[in-house]
There are 2 protein chains.
Amino acid sequence: MEPDILELESFLPYRLYRLADTISREFSRIYKERHGLTRPEWRTLSGLGERGTMTATELGEQSAMHKTKVSRAVAELERRRWLTRTADENDRRVEHLALTKAGLAAYREMVPLAKAFERELLERLSVEERMAVVGGVAALEGALEEKS
Amino acid sequence: MEPDILELESFLPYRLYRLADTISREFSRIYKERHGLTRPEWRTLSGLGERGTMTATELGEQSAMHKTKVSRAVAELERRRWLTRTADENDRRVEHLALTKAGLAAYREMVPLAKAFERELLERLSVEERMAVVGGVAALEGALEEKS
DNA sequence: TTTCGATGGTTACAAATGAAACCAGTTTGG
DNA sequence: CCAAACTGGTTTCATTTGTAACCATCGAAA
């Protein structure tokens with residue numbers, strides 16, 4: 001192992017990215033084929049389905065999206081009449097977003113599919129491996145949080 | 001925990017993507033600031049630095065990039081005179097890519113920075129956590145490979 | 001050979017993205 | 001009170017990306 005060579009195959013940032021990319025891409029087929037959603041749109045749907053009502057800023061924080069992504073995703077879902085905006089009483093800059101019946105229906109349809117996807121992925125692992133995955137992800141998340 | 005709700009915060013594909021995105025984005029600052037490289041360009045540089053000579057197709061396989069990304073990254077690195085193409089003797093469709101002196105110099109400069117980045121990331125973890133990360137990543141890679 | 005399907009690689013075009021400018025509207029400090 | 005700094009959210013513009021079509025060459029089979 002020469003010291004001035006970087007092995008891409010074992011370089012953690014690369015491996016992690018490739019892994020996430022593969023899995024995310026595979027999962028995206030579900031909401032893409034099903035409803036023609038983009039990832040930001042799916043996350044918006046998912047966030048609002050989970051929490052009920054959120055502002056765009058909260059959505060961005062909860063689902064790790066840049067505000068322009070949120071803005072565009074919200075606009076598209078509104079165009080589909082999957083969500084509505086309600087002006088805030090006290091602060092007129094803020095809008096409270098919530099799913100409509102149609103949006104909620106789409107969400108309810110997606111949830112089992114998402115859960116099944118995750119389950120099938122984890123089922124391919126042994127118990128120890130599953131623990132390593134969950135523990136490893138949590139550990140890295142923790143390491144990144146405390147940083148900056 | 002309601003059964004028809006998906007918790008994004010604990011949904012593996014989402015967590016993994018966010019993790020990889022954060023780390024990759026942070027790492028990208030290194031090669032972006034330093035040399036103004038994009039990720040595909042960095043991977044191309046890294047791949048050729050590691051292996052010496054490769055065709056575009058091989059590069060794509062080794063670094064998990066779509067062929068158009070490879071094509072464009074190679075074009076840009078060639079424009080910088082960081083790599084050269086050599087026609088294959090037997091198959092005129094194929095080109096063998098290799099770094100020039102300048103390309104190699106850039107690569108040699110990047111390697112320690114990349115290694116330091118990875119080391120500093122892992123240093124924030126305990127030994128057990130580190131094992132979990134490495135084991136978990138490997139397990140998922142294995143699960144994805146054997147699949148399709 | 002000739003033809004036809006595969007393969008290496010590039011290009012064209014549309015869609016997704018990020019950075020920065022922007023437009024309200026709100027708060028703060030003088 | 002008022003200006004300046006700040007915040008929620010949108011828009012603009014340049015860059016990046018993915019898909020599909022494309023060109024050239026190759027290999028195999030008729």
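Throughout, a chain's letter reflects where its sequence line sits, starting with A, and its residues are numbered from 1.
Residues B/L12 and A/V134 are not in side-chain contact: their nearest non-hydrogen atoms beyond the backbone lie 4.5 Å or more apart. For the pair B/T38/B/K69, no side-chain contact is recorded, criterion being any heavy-atom separation below 4.5 Å from C-beta on.
Checked against salt bridge (charged side-chain N to carboxylate O under 4.0 Å, His left out), A/E120 has no partners two or more places apart in sequence or in another chain. By the salt bridge (charged side-chain N to carboxylate O under 4.0 Å, His left out) test, B/E129 is found to be paired with no residue, residues two or more places apart in sequence or in another chain being considered. The side-chain hydrogen bond (donor to acceptor under 3.5 Å, both in side chains) test applied to B/R34 returns B/E109, not counting sequence neighbours. In this structure B/R18 satisfies the salt bridge (charged side-chain N to carboxylate O under 4.0 Å, His left out) test together with A/E141, sequence neighbours excluded. Evaluation of the side-chain hydrogen bond (donor to acceptor under 3.5 Å, both in side chains) rule for B/E128 yields B/S126 as partners, not counting sequence neighbours.
Closest approach of B/L8 to A/Q62, counting heavy atoms only: CB-NE2, 4.2 Å. B/R93 approaches B/D91 most closely through the heavy-atom pair NH2-OD2, 2.8 Å.
Map B/R93 and A/D91 each onto its nearest nucleotide of DNA chain D; the residue landing nearer the 5' end is A/D91. Nearest-nucleotide assignment on DNA chain D puts the 5′-proximal partner with A/R72, out of A/R72 and A/D21. Checking A/K69 against A/R92, the closest nucleotide of DNA chain C that is more toward the 5' end is the one next to A/K69.
Between atom NZ of residue A/K32 and atom CZ of residue A/R25 there is a gap of 8.0 Å, rounded to the nearest 0.5 Å.
Within residues 32-53 of chain A, no residue has any heavy atom under 4.0 Å from DNA chain D. Taken residue by residue, residues 54-64 of chain A places heavy atoms nearer than 4.0 Å to DNA chain D at A/T55, A/A56, A/T57.
Salt-bridge check for A/E76 with A/R80: passed, with a basic side-chain N closer than 4.0 Å to an acidic carboxylate O.
Across all strands shown, A/N90 has heavy atoms under 4.0 Å from sugar-phosphate atoms exclusively, and none from any base.
Evaluation of the ring-ring contact (aromatic ring centres under 6.0 Å, His included) test over residues 22-73 of chain B, restricted to residues two or more places apart or in two chains, returns A/F11-B/F27, B/F27-B/Y31, B/F27-B/W42, B/F27-B/F117, B/Y31-B/W42, B/H35-B/W82. Each ring-ring contact (aromatic ring centres under 6.0 Å, His included) pair with one or both residues in residues 85-114 of chain A, not counting sequence neighbours, would appear here, but there are none.
Taking hydrophobic clusters as Ile, Leu, Val, Met, Phe, Trp and Tyr residues chained together by side-chain heavy-atom distances below 4.5 Å, B/L125 shares a cluster with B/L140.
First and last contacts of DNA chain D with chain A, using any nucleotide atom under 4.0 Å from a protein heavy atom and ordered 5' to 3', fall at D/dT7 to D/dG18. In the 5' to 3' direction, nucleotides of DNA chain C lying under 4.0 Å from heavy atoms of chain B begin and end at C/dA6 to C/dG18.
Relative to the axis of its first five pairs, the axis of the last five pairs of the helix from C/dT1-D/dA30 to C/dG30-D/dC1 sits at 10°, rounded to 10 degrees.
Crowding of B/E123 atom CD: a count of heavy atoms from other residues, nucleotides or ligands under 6.0 Å exceeding 12.
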